[in-house]
Amino acid sequence: MKRVFGDIGRRVVIAAPMAGYTDRVFRRFARKFGADLTFTEMVSAEGLVHSTKMTLKYIEYSPDEAPIGIQFFSASPEYMRQAASMVKNMGFSVIDINMGCPVRKVMKKGAGAALLANPAVALKVVEAAKSAGLPVSVKIRCGVKSCAEWKSIKRFVAELEKIGIEFLTIHPRSAAQMYSGESDWRIIRDAVQSFSLPIIGSGDLLDIDAVRERVEFAAPAGVMIARGAIANFEIFTQVRAWFEGKPTPRFSLADRARTLLEFIRQEVEFRGETQAVKWSRKFLSKLFRGFPGASNFRAQLDRLETLAQVEGLLRPLMESKFSDF
Ligand SMILES: Cc1cc2nc3c(=O)[nH]c(=O)nc-3n(C[C@H](O)[C@H](O)[C@H](O)COP(=O)(O)O)c2cc1C
């Protein structure tokens, strides 16, 4: 923990890795709004070793996204060793190893959550990542088929603690659950009480009230925010303020709409207008929820093609007086 965050003396709030979301612009905003650390999307260690164009794009970043961690997935200690050594001098604060991805394409190769069923290989992958000398963290689920596996997963966590990693992030859903059902924060509480290894909690931290409730219950060393930050970078400001013992700021829908428009403008600079507007639809779709008439806004998403149209759609929301959420 210390090697990544220094003597921070409080809980940390981390922007979770999210494939298809946490690009450079997302990370810049996460940092600007208060995240202590950001992450790349998950990157294939094998892809990096073969320097595929896509993979190299995933690992580019600029100083306003840092401190930043790189997340690898791999079932091969050898690829992991090489990939870790390739990024050693790129300025990443930590290498995270993905042991939670439930996607079939990844698990079929023995990577992601499949590593939980193969602790011997998983430990070798961690050792290989550590060989480059950068801090290493691991992100797991509570099990492959069900959280009932937690008992045996704990034996694996004890091994991780023994070989030494900086922190362990737990998303307490099984891989089979994907993102359905509720994450079981009793598992995070049990991990916090059972290990001295710093535990980061992930799962269903969708707004500041959900964060408060779960952090008070489980007392983790920090949290990782994923879906709760989509079209809501303000959540980082709120959680950070709470962790710093300051009053929690409140944000209106108009505030979030203004932030999202600025985000989309920067996406336009980053990927060009056509691609950026397409990319932004999923963020807008998230913004257009939970207020009267939201479905009318959502209905217009498919037709969006230009930044001017996005501005036109967001204008009434930016001028709205919808109450705080
Ligand atoms: C669209 C999407 C992409 C994700 N991509 C990754 C990823 O690349 N690596 C990873 O470790 N977790 C990934 N996750 C899992 C999240 O980091 C997080 O652990 C999970 O969503 C639970 O948090 P939440 O309920 O706050 O969303 C992803 C989640 C979503 C929704």
Side-chain angles (χ1 to χ4, degrees), residues 13-24 26-27 30 35 37-45 47-48 54-55 57-59 68-75 94-107 111-116 122 125-126 129 136-144 147 165 167-185 187-188 191 199-215 218 220 222-233 235-236 238-239 279-283 285-286 289:
V13 52
I14 302 171
M18 270 190 292
Y21 286 86
T22 53
D23 68 353
R24 296 182 61 174
F26 187 103
R27 298 192 299 253
L37 178 71
T38 64
F39 269 106
T40 65
E41 304 179 39
M42 63 176 196
V43 173
S44 158
L48 182 63
M54 192 69 168
T55 310
K57 235 183 151 54
Y58 281 145
I59 68 171
I68 176 170
I70 182 164
Q71 190 191 55
F72 281 126
F73 67 96
S74 179
V94 62
I95 294 176
D96 191 76
I97 302 171
N98 182 318
M99 300 192 192
C101 182
V103 174
R104 221 201 344 211
K105 208 172 78 184
V106 172
M107 287 187 69
L115 280 176
L116 295 176
V125 168
V126 176
V136 169
S137 58
V138 174
K139 186 162 180 278
I140 64 171
R141 287 193 174 231
C142 56
V144 180
C147 283
I165 59 170
F167 57 84
L168 176 75
T169 305
I170 306 177
H171 173 203
R173 281 186 176 93
S174 67
Q177 271 181 288
M178 308 283 278
Y179 296 96
S180 70
E182 219 186 306
S183 56
D184 185 353
W185 275 68
I187 283 172
I188 294 176
I199 304 293
I200 305 294
S202 168
D204 302 313
L205 301 175
L206 298 181
D207 56 37
I208 182 66
D209 296 329
V211 175
R212 273 182 201 283
E213 192 186 314
R214 286 167 176 78
V215 167
V223 293
M224 218 181 237
I225 313 273
R227 290 172 298 177
I230 298 171
N232 184 24
F233 292 107
I235 194 170
F236 292 116
Q238 294 177 309
V239 176
W279 177 264
S280 302
R281 282 184 195 153
K282 55 195 173 190
F283 292 86
S285 165
K286 186 77 188 299
R289 277 180 201 277

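All values derive from a computational prediction rather than experimental measurement. Counting starts at 1 for both ligands and their atoms, in listed order.
Relative to the ring axis of Tyr58, Arg27 does not place its NZ or CZ within 45° and under 6.0 Å from the centre.
With hydrogens and angles ignored, the 3.5 Å screen pairs no side-chain donor or acceptor of Lys139 with any backbone N or O of Ser202. With hydrogens and angles ignored, the 3.5 Å screen pairs a side-chain donor or acceptor of Lys286 with a backbone N or O of Arg227. Under a 3.5 Å cut-off, the side chain of Trp185 and the backbone N or O of Pro172 do not form any donor-acceptor pair. Distance alone, capped at 3.5 Å, places no donor-acceptor pair between the Ser183 side chain and the Arg173 backbone. Judged by distance alone, with hydrogens and angles left aside, the side-chain atoms of Arg141 form a donor-acceptor pair with the main-chain N or O of Met178 at under 3.5 Å.
Protein residues having at least one heavy atom under 4.0 Å from any atom of ligand 1 are Ala16, Pro17, Met18, Ala19, Tyr21, Met42, Gln71, Asn98, Lys139, His171, Arg173, Tyr179, Ser202, Gly203, Asp204, Leu205, Ala226, Arg227, listed by chain and number.
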